[in-house]
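To keep things clear, I will list the structure first and then write my remarks on it.
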Amino acid sequence: QVQLVESGGGLVQPGGSLRLSCAASGSMPSGYVMGWYRQAPGKQRELVATITSGTRTVYADSVKGRFTISRDNAKNTAYLRMNSLKPEDTAVFYCNVRGPYGSDSYWGQGTQVTVSS
C-alpha cells in the first residue's frame, strides 16, 4: 500500500510563502506522477500542479509563476513551494500519487493553508 503524509501548511499573511512536503511510503507504481490539489470551502477539488518521473510539470493558470513543484525520488517526497500567496489560495491542499497512465491513485489526508492578514 501507498501512504502519503502532507506537512508544512499553516497561517501566512498575503504575499508570504510556504513550502509543503508530501512524504510517500510503500510500494510506488512504476513511473509515478506526484501532484498537489486543493479544495477551498464550497468549491470542488482542483489541480494545482503535477510533476512526472521525468520532472515534466503542469501548473494551474492561477498559480503559474508563483508556485513551484519538485520531487526527490530518493526520499519519495514531493514539495510545493508557494510564493506571493493570496487569500484566494486558502484551501486544504492534498498530495496525490498515481501511475503514469492515470491508474493506482492515492491521496494524503490534506494540510490546511490559510492566507489572511
Side-chain angles (χ1 to χ4, degrees):
Q1 293 184 341
V2 174
Q3 291 182 296
L4 306 175
V5 180
E6 302 99 333
S7 62
L11 175 64
V12 65
Q13 294 193 137
S17 299
L18 285 173
R19 190 177 81 155
L20 306 183
S21 298
C22 172
S25 61
S27 182
M28 309 297 287
S30 298
Y32 64 95
V33 178
M34 303 192 77
W36 290 94
Y37 297 74
R38 67 185 180 187
Q39 186 168 18
K43 297 183 179 180
Q44 292 188 322
R45 183 174 59 192
E46 64 177 356
L47 176 134
V48 176
T50 61
I51 182 166
T52 69
S53 60
T55 66
R56 184 182 299 274
T57 58
V58 173
Y59 294 94
D61 288 341
S62 60
V63 307
K64 286 180 180 177
R66 299 189 298 122
F67 292 9
T68 303
I69 189 171
S70 60
R71 63 191 288 168
D72 184 337
N73 289 326
K75 297 180 179 180
N76 286 335
T77 300
Y79 306 94
L80 185 69
R81 179 67 181 182
M82 304 184 292
N83 296 324
S84 302
L85 283 162
K86 306 174 181 179
E88 49 264 46
D89 293 318
T90 296
V92 177
F93 282 68
Y94 296 93
C95 181
N96 173 262
V97 165
R98 61 170 173 84
Y101 310 112
S103 61
D104 304 320
S105 185
Y106 303 91
W107 294 93
Q109 81 290 340
T111 185
Q112 177 71 48
V113 172
T114 302
V115 185
S116 180
S117 298

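- Both Val92 and Trp107 belong to a single network of hydrophobic side chains, linked directly or stepwise wherever heavy atoms of I, L, V, M, F, W or Y lie under 4.5 Å apart.
- With rounding to the nearest 0.5 Å, the separation of OG in Ser21 from CG in Leu4 is 12.5 Å.
- A salt bridge links Lys64 with Asp61: at least one charged nitrogen is closer than 4.0 Å to a carboxylate oxygen.
- Annotation: the span from Arg45 atom CZ to Arg38 atom CZ amounts to 14.0 Å, rounded to 0.5 Å.
- Within the model, atoms OG1 of Thr68 and CZ of Arg19 stand 11.5 Å from one another, a figure rounded to the nearest 0.5 Å.
- In terms of heavy-atom proximity, Val113 sits nearest to Leu20 at CG2-CD2, 4.1 Å.
- No side-chain heavy atom of Arg98 sits less than 4.5 Å from a side-chain heavy atom of Pro29.
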_Intermediate values then yes/no, side-chain contact (heavy atoms from CB on, under 4.5 Å), Met28 and Val2_ = CA-CA 6 Å; Met28 309 297 287; Val2 174; 3.9 Å; yes
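- Trp36 CH2 to Leu80 CG: the interatomic distance, rounded to the nearest 0.5 Å, is 6.5 Å.
- At a threshold of 4.5 Å between side-chain heavy atoms, the hydrophobic network of Ile, Leu, Val, Met, Phe, Trp and Tyr places Tyr106 and Ile51 in one connected group.
- The OG1 atom of Thr90 sits 7.5 Å away from the CD atom of Gln112 when rounded to the nearest 0.5 Å.
- Across all non-hydrogen atoms, the minimal contact from Glu6 to Gly110 is OE1-N, 3.0 Å.
- Across Thr57 and Ile69, no two heavy atoms sit closer than the pair CG2-CG2, 3.7 Å.
- Under the 3.5 Å distance criterion, the side-chain polar atoms of Arg71 are matched with a main-chain donor or acceptor of Thr52.
- Between atom CG of residue Leu85 and atom OG of residue Ser116 there is a gap of 12.0 Å, rounded to the nearest 0.5 Å.
- Around the CD atom of Gln3, the shell of radius 6.0 Å holds no more than 12 heavy atoms that belong to other residues, nucleotides or ligands.
- The main-chain N or O of Gly9 is found under 3.5 Å from a side-chain atom of Thr111 such that the two form a donor-acceptor pair.
- Side-chain contact between Val97 and Met34 is present, with heavy atoms from C-beta onward closer than 4.5 Å.
- With no hydrogens or angles considered, no side-chain donor-acceptor pair links Asn76 and Ser25 at under 3.5 Å.
- Between Phe67 and Phe93, the angle of the ring planes lies from 30° to 60°, which puts this pair in the tilted group.
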